There are 2 protein chains.
Amino acid sequence: MWGMTLTQSTPIGADRTESCASGPLAHPRPEGADQYTISEVAGFTGLSAHTLRWYERIGLMPHVDRSHTGQRRFRNRDLDWLHFVGKLRLTGMPVADMVRYAELVRAGDSTYGQRRELLVRTRRDVLARIAELQDTVAVLDHKIGFYADAHEASERH
Amino acid sequence: MWGMTLTQSTPIGADRTESCASGPLAHPRPEGADQYTISEVAGFTGLSAHTLRWYERIGLMPHVDRSHTGQRRFRNRDLDWLHFVGKLRLTGMPVADMVRYAELVRAGDSTYGQRRELLVRTRRDVLARIAELQDTVAVLDHKIGFYADAHEASERH
DNA sequence: CCCTTGCTTCGAGCGCACTCCAAGGAATTA
DNA sequence: TAATTCCTTGGAGTGCGCTCGAAGCAAGGG
């Protein structure tokens, strides 16, 4: 559904579905009046303006609108995309893979299958990572318990 | 309990406790006959020999025994340490922080409090990371659902 | 005795994801 | 209008965590 932000060819409904899934992702300005400078977007996303320009250069951002003088004017759909990219980034997905996903989006609806596959694979990796981290928590708990015991013992004597 | 690998001053029992918590961490050779070359350890841990030497250089490894010709001879306690470091690495902890922990271990028993604190902080971070990832899984599920629906719709027509 | 394999050191190089710089144009505020 | 602040570009630089290369020593097999 991010594809539509580029191709404008996907039904509006998909976008609503997304907002609803991502939780509290209210747009700062309503549809139609959504124009943001790069520094505003930097503020919203926590990314630097440098990074936003870099994302565009490497193809991780769809082409962003420009003002008549050539300055970037981000729109709500760009914020949505960045929000999703942020999620992918959290998974530890390499930027190159995110670019690959962006390319699939640009390529149009015929890539649904490949996009889905990529997301499914990512999901699997994330679940594995969660399991790994839970295992690590167990080890940490054990060690923390040891230090607590040691502390107790030293108090007891 | 990693301290003892360096100071040899902590009761044996602690080590057993550790092995048991980490699950299947059987040592390839029994205590007393535990001598491993760097490439053996590389094989066990998945780290490269280069990385193992680098760990030692930056202070992330306790001093490793040497053969009479100067070659490293790793012991079971070194494997244990590397196993734990691997866990810390999985959490995304920067190497510098792991080195800090190693320094605390080298500094002796008086640093129990600081070590515990560091582990508690790490534990908190790991739990936060798990929550983040779970949130991401929800987003992925939503998107995957969208692609599944799109596929269905295209089949239906 | 030579050959291969594996180890040693130090220091340089790499891939990733930014991060920053310089020089100059554009928008806003006094 | 002037000053200030923000934006543009291309390219260079940074920090992290390795990763590799070169030169040389040591041990075992044919």
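Just so it is clear: chains get the letters A, B, ... in the order the sequence lines come, proteins before strands, and each one is counted from 1. Predicted model, so just to flag it, every value in this text is computed and none were measured.
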Sequence-distant partners of [X], side chain to side chain contact (heavy atoms under 4.5 Å, CB included), two or more places apart:
X	result
B:E56	B:M61, B:H63, B:V64, B:R66, B:R72
A:A49	A:I38, A:R53
A:T91	A:M93, A:T122, A:V126, B:T136
A:S110	none

For the pair B:R77 and B:D34, find out whether any cationic side-chain nitrogen is under 4.0 Å from an anionic carboxylate oxygen. no
Set of residues satisfying salt bridge (charged side-chain N to carboxylate O under 4.0 Å, His left out) with respect to [X], sequence neighbours excluded:
X	value
B:D97	none
B:R124	none
A:R73	none

Applying salt bridge (charged side-chain N to carboxylate O under 4.0 Å, His left out), which residue pairs with at least one partner in residues 41-50 of chain A are found, sequence neighbours left out? none
Between B:R53 and A:R66, just flag the one whose closest nucleotide in DNA chain D comes earlier from the 5' side. A:R66
Taking the nucleotide of DNA chain D with the nearest heavy atom to each, does A:R73 or A:R57 sit closer to the 5' end? A:R73
Of B:H50 and A:A96, the one whose closest nucleotide on DNA chain C sits nearer the 5' end is B:H50
Walk along DNA chain D from 5' to 3' and tell me the first and last nucleotide with an atom closer than 4.0 Å to a non-hydrogen atom of chain B. D:dG17 to D:dA27
Under 4.0 Å, heavy atom to any atom of DNA chain D: which of residues 32-48 of chain A qualify? A:T37, A:I38, A:S39
So where does chain A start and stop touching DNA chain C, 5' to 3', when the test is distance under 4.0 Å to a non-hydrogen atom? C:dA17 to C:dA27
Applied to residues 32-58 of chain A, the ring-ring contact (aromatic ring centres under 6.0 Å, His included) test, sequence neighbours excluded, yields A:Y36-A:F44
